[in-house]
Every structure is written in structure tokens, then in C-alpha cells.
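Below is one structure; the comments refer to it alone.
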Amino acid sequence: MTRWMAAPWQCDTASCRSGYEVRAGLGPRYSPYVPTFWPAPMPNHVLKKADFTTVNTAPTGSDDSARERAFEHRAVWLRGLEGTDFNKQRRQMIDDWYKFGVVETHEYTVGDGKFPRHIQVESEPGYPPAPDLANLVNIQVPEAGVPQLAAAADAWSGSIPAESVEADLVQQAVQEVKEATGRDEAEIAAGYLEKLDPFHGAQ
């Protein structure tokens, strides 16, 4: 699984999400549920074990809407990453990777043929409860790349530490996206990812 990934692989896992956008691209056509980098080893949206339990329990009456809603509901796999800053979340992933759920195949046993016989389900995570939509919206902040890359090259000459400037730019982006989309801050993650800026070294 990790052969072609970055080292440490946990940083790559925390970075390969779906729906990366810049602030200017947000609008009614934008959807965070779009194809991802590595859908097999790193899922973006998962069916939680609790929802599968609801699906796999026979209805007691004619109203089966609760099972239908549970089957359609998806949670963000990386919802256990805290805060809104990509860099801090990637650091957390190095320490906490083993706490994240593993997608496993479960058999649907009600026997009514309403749902697929085999369903991919997330195992119970080991981190504290987190909102299902935490880290749903992922924002690339190109401006934050300037202090980040300069600091990495030991070329930052600003009076304010590069890390502080980058953090301020990221937080500003989060607030703008929050206002533009009406989403809760917990649903937004932002930062500069070099892999999304392949021409960053061009003059």
C-alpha cells in the first residue's frame, strides 16, 4: 500500500483527500464529493459501523426510512484530525494513524434484498467522537506557500516568523470559506500543499 507514497506515509495519507479547491472556485457547482487521489488505500467518505448496524437490522414496521437514511449517510474518514490547518493535521496523523477506522467488508444479513449483500464499513475509530463532516471541505491556499517554501529553503527574511504568517493566511482563508459557504468551521481544512502546486518552482 505504501510503496509509492511519501515518507512518512502518514503525511501522504492525511493529504490525499477529495475536492481540493481554492476560495475563488467555491460556488453552487462546487461539491466536496469528487474523485480522490488514492480511493483504495485512503477512503474519503465512509459508512460508519453504527449506520451499518441500523441498515442490518430488520425493520419493525412498514416505514423503512431510517435504514435508507443510514445507508445513504457518509462520514469523512479523516474527521478525527483536529483543527483546520493541514500542516498540524498531517503532524497529528503521524502520531494517531492507528486510531483511524479500517474499511472492512460486512455481510448484509436481513435477507430482503433491499441493500447489497456485501457492504464496505468503517471499523470503530479509536479517537474521541468527532462531527461526521469534519474536514469535508479542503482548501488550497497558494499564498501560504510563500512563507512555507521560503522557510524550508532557509530563505525567509520577514520580521514575523514564517510559520506565523502561514498560519494567519490559512486562518483567513478558513474564515472566508466559512462566510462564502455557510459551513461550520469544523467542516473546513485549509493550507498549502506543494503537490497541488506543481509549478511552484517556476520563475
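Please read these numbers as outputs of a predicted model, since none were measured by experiment.
To the nearest 0.5 Å, the span separating OG1 on T54 from NE2 on H73 amounts to 11.0 Å. For the atom pair R67 CZ and T57 OG1, the distance stands at 8.0 Å (nearest 0.5 Å). With rounding to the nearest 0.5 angstrom, the CG atom of D51 is 11.0 Å from the CZ atom of R69. Atom CG of N138 and atom SG of C16 lie 11.0 Å apart (nearest 0.5 Å). A distance of 10.5 Å separates CZ in F86 from CG in L81, rounded to the nearest 0.5 Å.
Two residues are said to be in side-chain contact when any heavy atoms from C-beta on lie closer than 4.5 Å; T109 and N56 meet this criterion. At a threshold of 4.5 Å between non-hydrogen side-chain atoms, the residues D85 and Q171 do not count as touching. Here the side chains of L47 and I119 are in contact, with some heavy-atom distance below 4.5 Å. A heavy-atom distance below 4.5 Å is not found between the side chains of L78 and Q89.
Scanning all heavy atoms of the two residues, the minimum distance from R183 to I188 falls at O-CD1, 4.4 Å. Between V177 and I139, the shortest heavy-atom distance links the atoms CG2-CG1, 3.8 Å. Between T13 and M42, the shortest heavy-atom contact is CG2-CG, 3.3 Å. Considering every non-hydrogen atom in both A162 and A151, the closest pair reads CB-CB, 3.7 Å. Closest non-hydrogen pair, F71 versus P116, comes out as CZ-CD, 3.7 Å. Closest approach of A14 to R90, counting heavy atoms only: CB-CG, 3.9 Å.
Both V137 and V174 belong to a common hydrophobic cluster when Ile, Leu, Val, Met, Phe, Trp and Tyr are linked at side-chain heavy-atom distances under 4.5 angstrom. Note on V141 and V146: separate hydrophobic clusters, where clusters join Ile, Leu, Val, Met, Phe, Trp and Tyr whose side-chain heavy atoms are under 4.5 Å apart, directly or indirectly. In terms of hydrophobic clustering, with Ile, Leu, Val, Met, Phe, Trp and Tyr side chains grouped at heavy-atom distances under 4.5 Å, F52 and V46 are assigned to different clusters.
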Could you go through residues 93-105 and list every donor-acceptor pair under 3.5 Å that involves a side-chain atom there, pairing it with any protein atom two or more places apart or in another chain?
unit_1	atom_1	unit_2	atom_2	d
D95	OD1	R91	NH2	2.8
D96	OD2	Q92	NE2	3.3
T105	OG1	Q120	NE2	2.9

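Within the structure, the salt bridge (charged side-chain N to carboxylate O under 4.0 Å, His left out) test picks out the following pairs touching residues 114-137 (sequence neighbours left out): K48-D132, D64-K114, E68-K114, R79-E122, E107-R117. Applying the side chain to side chain donor-acceptor pair (under 3.5 Å) definition to pairs two or more places apart or across chains, those involving residues 145-157 are Q148-E166.
For Q175, the side-chain hydrogen bond (donor to acceptor under 3.5 Å, both in side chains) partners two or more places apart in sequence, or in a different chain, are E185. Take S62 and apply the side-chain contact (heavy atoms from CB on, under 4.5 Å) test, not counting sequence neighbours, and it matches no residue. Residues forming a side-chain contact (heavy atoms from CB on, under 4.5 Å) with Q140 (at least two apart in sequence, or on another chain): V22, P142, Y192, L193, L196, D197.
No option in E187, E82, R17 other than R17 meets the side chain to side chain contact (heavy atoms under 4.5 Å, CB included) test with N135.
Within a 6.0 Å sphere centred on CD of E163, other residues, nucleotides and ligands contribute 12 heavy atoms or fewer.
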